[in-house]
2 protein chains.
Amino acid sequence: MFNFNAGPATLPAEVKERARQKGFDPSLSVMEMSHRSPEYEAIHFGTKDKIRQVLNLPEDFDILFLQGGASLQFAMLPMNFLTPGKRAGYVITGSWSEKAYEEASRIGDTYIYASGASEQYRTIPRIHSWEPEENTAYLHITSNNTIYGTQWYTLPESCHKVPVCADMSSDLFSRPVDWSKIDIAYAGAQKNAGPAGVTIVIIKKDWLEDAEQDIPKILSYQTHQKKDSLYNTPPTFSIYMTGLMMDWIQAQGGVDQLYKQNAEKASRIYSLMDHSQHFYQPHADKLSRSMMNVTFRLPSVELENLFLKHAAEEEMIGLKGHRSIGGCRVSLYNAVPPKAVDHLQDFMLRFMKKHSC
Amino acid sequence: MFNFNAGPATLPAEVKERARQKGFDPSLSVMEMSHRSPEYEAIHFGTKDKIRQVLNLPEDFDILFLQGGASLQFAMLPMNFLTPGKRAGYVITGSWSEKAYEEASRIGDTYIYASGASEQYRTIPRIHSWEPEENTAYLHITSNNTIYGTQWYTLPESCHKVPVCADMSSDLFSRPVDWSKIDIAYAGAQKNAGPAGVTIVIIKKDWLEDAEQDIPKILSYQTHQKKDSLYNTPPTFSIYMTGLMMDWIQAQGGVDQLYKQNAEKASRIYSLMDHSQHFYQPHADKLSRSMMNVTFRLPSVELENLFLKHAAEEEMIGLKGHRSIGGCRVSLYNAVPPKAVDHLQDFMLRFMKKHSC
């Protein structure tokens with residue numbers, strides 16, 4: 001079966017097999033370990049170290065394991081940093097940045113720094129360097145937009161004053177990150193880093209010191225940093241799985257190598273569409289196309305449904321577009337193997353020949 | 001190996017084996033399913049139905065799958081219900097209720113309804129029926145105290161006006177619950193209901209209607225209720241595991257049967273201690289003893305360390321008391337089999353014979 005789900009998404013066969021064998025040790029599975037035991041601590045801190053290595057993350061950043069996905073980060077970020085008298089600037093590039101902005105607006109004062117809404121989110125706004133309004137607590141972007149299929153290629157130059165926050169839920173670990181341009185990045189694991197259940201938060205240590213203190217303890221980044229993400233019971237098995245994913249990424253040659261492979265996978269599908277005489281119509285503008293989620297329409301909704309039906313008959317699943325915009329979507333995260341793209345490419349060509357006029 | 005961990009805790013061998021075989025289907029494991037797919041929805045709503053059945057839960061309660069453990073509930077509960085002008089009354093029976101109370105006090109106005117602190121939390125305060133102060137938004141108890149090893153046997157009579165909230169993290173699913181006395185109950189899964197990663201929240205529907213609206217959306221119970229706990233990506237594998245646990249509970253004869261077995265398991269250890277001439281000194285008073293966590297001291301810290309060392313040599317792990325109070329602790333959740341208690345009992349008798357004067 002070829003799984004193109006947008007997340008939770010496919011996992012490498014080797015990772016599943018290893019988890020099945022090692023994670024389910026009949027005498028003591030990972031799930032049964034106390035989170036205070038040396039066995040679990042080796043997994044916990046080992047996963048943290050592996051993430052640092054995979055992402056080439058400088059020592060002035062800390063890594064937290066939280067829960068609640070990006071959706072909880074939409075609230076935690078402003079609770080921790082959007083103090084009275086300050087504003088937060090959001091770049092809106094799709095549904096997830098809308099949600100992040102709306103949640104922050106319930107908590108504090110916000111403004112829209114730039115938005116792609118008037119262009120149906122086909123493009124990422126061009127921003128060379130940040131020029132935030134006065135009293136800006138932070139700026140926020142969504143690095144990859146799963147629903148519209150757009151992605152930031154290069155991040156704006158850092159303004160050296162105002163922290164930059166990135167929701168990297170769907171592309172962290174899929175390409176190198178320039179950490180000089182980022183102060184906080186967060187991602188649910190369920191795209192490129194394991195099953196759903198753990199949220200990885202990467203935060204610059206000196207910014208963390210400025211965080212608001214007068215909020216619920218469980219929602220304070222400082223609480224989790226001080227306790228090494230062991231303030232309360234962490235999602236132990238999910239963290240174990242993320243560790244296995246990091247091993248797998250390293251075995252593939254690391255993020256640099258996967259980045260090349262991801263670019264190659266996506267470009268094959270985009271190229272096919274560009275030569276399809278508008279049979280396949282990509283949603284994103286050429287300069288904003290996501291390598292993670294390729295979204296497109298067919299000439300009619302009927303054809304789209306037929307496309308999905310026939311694809312499923314050939315064991316390709318997860319190709320339906322997000323319910324909010326319809327159409328089709330191919331998610332090409334790290335664990336989607338090139339051979340899945342071979343199959344899809346072959347199918348798309350056959351389907352087009354059969355159904356184009 | 002006999003695992004007496006306080007949580008994450010042991011899982012039944014049958015549940016682990018089923019998860020290993022079925023949950024890790026090589027073509028599409030549970031972790032790889034989209035949370036919007038019919039396959040996952042069957043798991044999600046199936047688990048919910050099974051919980052309702054296992055707990056004999058009336059239809060006027062809803063079941064939510066959240067994340068963040070009881071610690072996040074300590075904040076969500078007051079954020080949703082402790083509105084200005086109202087107060088919340090907490091019964092303090094140990095470290096976890098202290099934490100719940102402190103977190104609520106950061107959010108709104110609180111008072112201590114009763115406390116066992118002056119008696120080193122050896123007893124559960126005797127409360128026949130609730131007599132809350134004026135303007136009480138809700139009353140809060142911790143039904144079982146993992147650290148001190150005490151448990152509420154019968155809940156106070158409901159006052160029919162003020163909602164009663166129970167942190168049941170460590171005894172939900174271990175015994176029948178009188179739902180006429182409860183308005184909200186919450187529990188992390190990692191004691192009696194699966195691995196860490198999902199929090200089960202059971203809430204009376206008509207109380208939910210009164211919840212505060214002006215809070216972050218992700219922290220609002222109403223958000224999760226309206227979206228059937230699919231507002232954001234749920235911890236799919238953890239929910240799957242909880243479903244397997246519910247099947248297992250039913251196969252054991254349900255909560256009624258496990259309750260008998262849990263009472264029997266605990267009473268064997270307490271009885272041994274009561275006849276040990278103070279070699280084993282249980283912390284809890286007789287009328288407040290927990291069936292889930294049996295906590296005790298030995299005549300000296302040296303003997304305690306030796307006890308733990310020898311137990312580990314005989315493959316019994318997880319017997320160390322919580323780091324905040326020391327001593328020893330035996331956790332006897334649903335999945336701890338009677339034969340593990342046989343081994344422990346035998347070991348405790350031998351150890352005592354050898355080391356008592």
Side-chain angles (χ1 to χ4, degrees), chain A residues 1 3 5-11 13 16-17 19-20 24 26-37 40 66-72 74-75 78-79 99 102-103 106-107 188 190 194-198 214-219 231-238 241 315 317-318 323, chain B residues 1 3 5-11 13 16-17 19-20 24 26-37 40 66-72 74-75 78-79 99 102-103 106-107 188 190 194-198 214-219 231-238 241 315 317-318 323:
Chain A
M1 191 176 279
N3 180 350
N5 274 332
T10 195
L11 296 169
K16 282 192 284 179
E17 186 52 27
R20 209 170 69 86
F24 276 83
S27 73
L28 182 71
S29 73
V30 172
M31 305 180 188
E32 297 168 298
M33 291 176 183
S34 165
H35 60 299
R36 309 285 177 200
S37 67
Y40 176 70
L66 305 183
Q67 296 181 68
S71 298
L72 185 55
F74 296 167
M79 287 176 87
K99 281 201 176 184
E102 282 160 19
E103 193 75 298
R106 298 172 81 90
I107 292 160
Q190 65 268 23
V198 62
D214 190 21
I215 57 175
K217 264 185 111 170
I218 187 74
L219 295 168
Y231 171 70
N232 60 333
T233 313
T236 53
F237 190 71
S238 304
M241 290 294 294
E315 304 278 292
I317 64 160
R323 62 199 181 288
Chain B
M1 191 176 279
N3 180 350
N5 274 333
T10 196
L11 295 169
K16 281 192 285 179
E17 186 52 25
R20 209 169 69 87
F24 275 83
S27 74
L28 183 71
S29 72
V30 171
M31 303 180 190
E32 297 168 299
M33 291 175 186
S34 165
H35 60 299
R36 309 287 177 197
S37 67
Y40 175 68
L66 305 183
Q67 295 181 68
S71 299
L72 185 55
F74 296 167
M79 287 177 88
K99 281 200 175 184
E102 282 160 18
E103 193 75 299
R106 299 172 80 89
I107 292 160
Q190 65 268 23
V198 61
D214 191 23
I215 57 175
K217 265 186 109 170
I218 189 73
L219 296 167
Y231 170 71
N232 60 333
T233 311
T236 52
F237 191 71
S238 304
M241 290 295 294
E315 304 279 292
I317 64 160
R323 61 200 182 288

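Sequence lines set the chain letters: A, B, ... in the order given, protein chains first and strands last, and positions in each chain run from 1. Hydrogens, waters and symmetry mates play no part in the numbers below; they use all other heavy atoms, side chains included. What you are looking at is a predicted structure, and each value in this text was computed from that prediction instead of being measured.
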Asker: Measuring heavy-atom distances to chain B, does A:Thr10 have an atom under 4.5 Å in its side chain, in its backbone, in both, or in neither?
Answerer: both
Asker: Is a side-chain donor or acceptor of A:Asn232 paired with a backbone partner of B:Gly69 at a separation under 3.5 angstrom?
Answerer: no
Asker: Within the side chain of A:Asn5, is there an N or O that forms a donor-acceptor pair under 3.5 Å with the backbone of B:Glu32?
Answerer: yes
Asker: Under 4.5 Å heavy-atom distance to chain B, tell me which part of A:Ile107 shows up: side chain, backbone, both or neither.
Answerer: side chain
Asker: Return the option, out of A:Leu11, A:Val198, A:Leu28, A:Leu219, with the maximum number of heavy-atom pairs under 4.5 Å with chain B.
Answerer: A:Leu11
Asker: Any side-chain heavy atom of B:Glu102 sitting closer than 4.5 Å to one from A:Lys217?
Answerer: no
Asker: What option among A:Lys99, A:Met31, A:Met241, A:Arg20 has the most heavy-atom pairs under 4.5 Å with chain B?
Answerer: A:Arg20
Asker: Considering only heavy atoms, which portion of A:Ala13 lies under 4.5 Å from any heavy atom of chain B: side chain, backbone, both, or neither?
Answerer: neither
Asker: Is the shortest heavy-atom distance from the side chain of A:Thr236 to the side chain of B:Pro195 under 4.5 Å?
Answerer: no
Asker: Among B:Gly194, B:Ala75, B:Ala6, B:Gly68, who wins on heavy-atom pairs under 4.5 Å with chain A?
Answerer: B:Gly68
Asker: I'd like to verify something: which residue of B:Ser34, B:Gly197, B:Gly7 has the highest number of heavy-atom pairs under 4.5 Å with chain A?
Answerer: B:Ser34
Asker: May I ask you to check if B:Lys16 and A:Phe237 form a cation-pi contact, with NZ or CZ under 6.0 angstrom from the six-membered ring centre and within 45° of the axis?
Answerer: no
Asker: Determine yes or no for a side-chain-to-main-chain donor-acceptor pair under 3.5 angstrom, with A:Glu103 supplying the side chain and B:Pro216 the backbone.
Answerer: no
Asker: So do A:His35 and B:Pro8 actually touch side chain to side chain, heavy atoms under 4.5 Å?
Answerer: yes
Asker: With a 4.5 angstrom heavy-atom cut-off, is it the side chain or the backbone of A:Pro234 that approaches chain B, or both, or neither?
Answerer: backbone
Asker: Which one wins on heavy-atom pair count under 4.5 Å against chain A: B:Ile215, B:Leu66, B:Asp214?
Answerer: B:Ile215
Asker: Hey, which of B:Arg106, B:Gln190, B:Met33, B:Met1 has the most heavy atom pairs under 4.5 Å with chain A?
Answerer: B:Arg106
Asker: Based on non-hydrogen pairs under 4.5 Å, which of B:Pro235, B:Ser71, B:Ala70, B:Ser238 is most in contact with chain A?
Answerer: B:Ser71
